[in-house]
Amino acid sequence: MTISEEVQKRRTFAIISHPDAGKTTLTETLLLFGNLIRSAGTVKGKKTGKFATSDWMEIEKQRGISVTSSVMNFPYNGLQVNILDTPGHEDFSEDTYRTLTAVDSVVMIIDATKGIEAQTKKLFKVCRMRGIPIFTFINKLDREGREPFELLEEIEEVLDIETYPMNWPVGMGKRFQGIFDRNGNQFVKYSSEDKETFVPYEELDQPEFDDLKKTEEYQTASDEVSLLDEAGDQFSMDKVLKGELTPVFFGSALAPFGVQTFFDTFIEMAPPPAPRKTTESVVQPDNPDFSGFIFKIQANMNPQHRDRVAFLRVCSGKFERNLSVKLARTGKTINLSQSQQFVASARDNIEEAYAGDIIGIYDPNVYRIGDTLVEGKELFEYDELPQFPPELYKRVTAKNVMKSKQFKKGIEQLVQEGAIQLFKKYKTESYIVGAVGDLQFDVFKYRMQNEYNSDILLESIGERVPRWIGDEKVKESLFDERNMLVEDREGNPVVLFKNEFSLNWFKDQHPEVDLIDLYEVN
Ligand code: GDP
């Protein structure tokens, strides 16, 4: 098979959702389709203990969770599926965001009983910023939830994206009867015994469906579908690919119901790897020379060996064992002899990989997040990974002032690695670290102690709303503890507002100050 044919087969995506919306349940069902697991309930250690393999770092064991975004891959319908996990519970971190730079599309799960929740919104913003195609699965139809129209309206309003229902539910909860599959022109009938029965529209005339058709739920849904067909928005694949319209599927991950139809449609529609921008030009995924970038570094997967694994998204060419590449940042040649692919919790050595695949490469402490690796003579770098605004902030000091050298070295390296973000109070040496999720602080503290022998004190200054200042001159007198003026790693001035209210109040009082929201700039 040619490189181009291999690339066309790749479907690399992440599932985003708020905790408890059903990401694990849906992932398990997909793994069942891929024959990767025999029964549901085996993905996360949190529930079954199986994921807690012994060689993950200590902190993972203590908490019984996985810090890494794992990657699952399997062949399906002639395609090669790569699912990237986006950790969401206590382990929500910048890695969760960065993972989204390595995918070609996203599945967003929404709990029908709750609608859009905080974490979904945050992750969605990042997808939107990057123009990633988004497919929506509205889950838990087997429970009494919100009205379908109301849910679609909420998506359109809160997330500012058009919706197109690919299917339409008939009832909900106890009255749930199935879905009209608008795409497949069939009715998918639900029953708790058989789960799914597929009835092509023309067969609905058969007498056996008379009872179903008499129900109020069926009649309402059938009217709604006619309304959608006549007055609803047009479907536009072009808009889907630009991330401006999301195809919406209703179903239940647990039953499972509607999952197969959803997945088959999604996998057909989702785009294969696209060309990617670099500092020099645009690289085609079927370009014969290998290239890729590192979006995540996992330290100390095995505490005995202190090894690190860098997760690389292949963007072009073909990866083979012992491939010789150049690290674009330094120009140094590296032989990729130890590379792995991840299947849930297992790590296997891999022989080859193509654009869209994620590989784990052994990191002898030379890589940084965002690094580009290239084969061939031309050196170039993929676009820098965006900086994601942290929400939680803590002041950090060394417990033992005599050990300030280790303290500084540790902070410098961990910040460079992307484990945490560093700020300083404006024009002082007082350090503040920022994170997207609480776990980042725990990992930071643990690693400072274990790798740099530096005991640290972390003192919370709470949740903050950061805004970068675009002005040449900063008026220091406008700020105080409440709206704290700090500088980021590069010395750019940033205000950490106490909350949205403080931010808005400040904007009213000082419209002349140019405040930049990183989410909106990129
Ligand atoms: P995650 O936190 O997003 O990974 O969510 P889980 O997959 O762990 O699901 C959270 C809870 O919702 C679990 O108790 C699931 O059994 C339940 N759940 C998931 N999908 C469905 C569904 O379709 N219907 C119902 N009734 N419960 C569901």
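In listed order, ligands and their atoms are each counted from 1.
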When only distance counts, is G251 in polar contact with ligand 1, meaning an N/O pair under 3.5 Å?
-> no

Look at the rings of F74 and F263 and say which category their plane angle falls in: under 30° parallel, 30 to 60° tilted, over 60° perpendicular.
-> tilted

Does R175 come within less than 4.0 Å of E144, counting only side-chain N to carboxylate O?
-> yes

Would you say the ring centroid of F257 lies under 6.0 angstrom from that of F250?
-> no

Short version for L254: what comes under 4.0 Å of ligand 1, heavy atoms counted, is both

Test: K277 cationic atom under 6.0 Å from Y382 six-membered ring centre, within 45° of axis = no

Purely on distance, is any nitrogen or oxygen of A253 under 3.5 Å from one on ligand 1?
-> yes

Relative to atom 24 (N) of ligand 1, which among D142, I138, V259 owns the nearest non-hydrogen atom?
-> D142

Parallel, tilted or perpendicular for W168 and F149, by the 30°/60° rule?
-> tilted

Distance filter under 4.0 Å to T25 heavy atoms, resulting ligand 1 atoms | 6 (P), 7 (O), 9 (O), 15 (C), 19 (C)

Side-chain donor or acceptor of R11 paired with backbone N/O of A270 under 3.5 Å = yes

Between K23 and ligand 1, find which residue part has any heavy-atom pair under 4.0 Å and reply side chain, backbone, both or neither.
-> both

What atoms in ligand 1 come closer than 4.0 Å to a heavy atom of P19?
-> 2 (O)

What part of S252, side chain from CB on, backbone N/CA/C/O, both or neither, has a heavy atom under 4.0 Å from ligand 1?
-> both

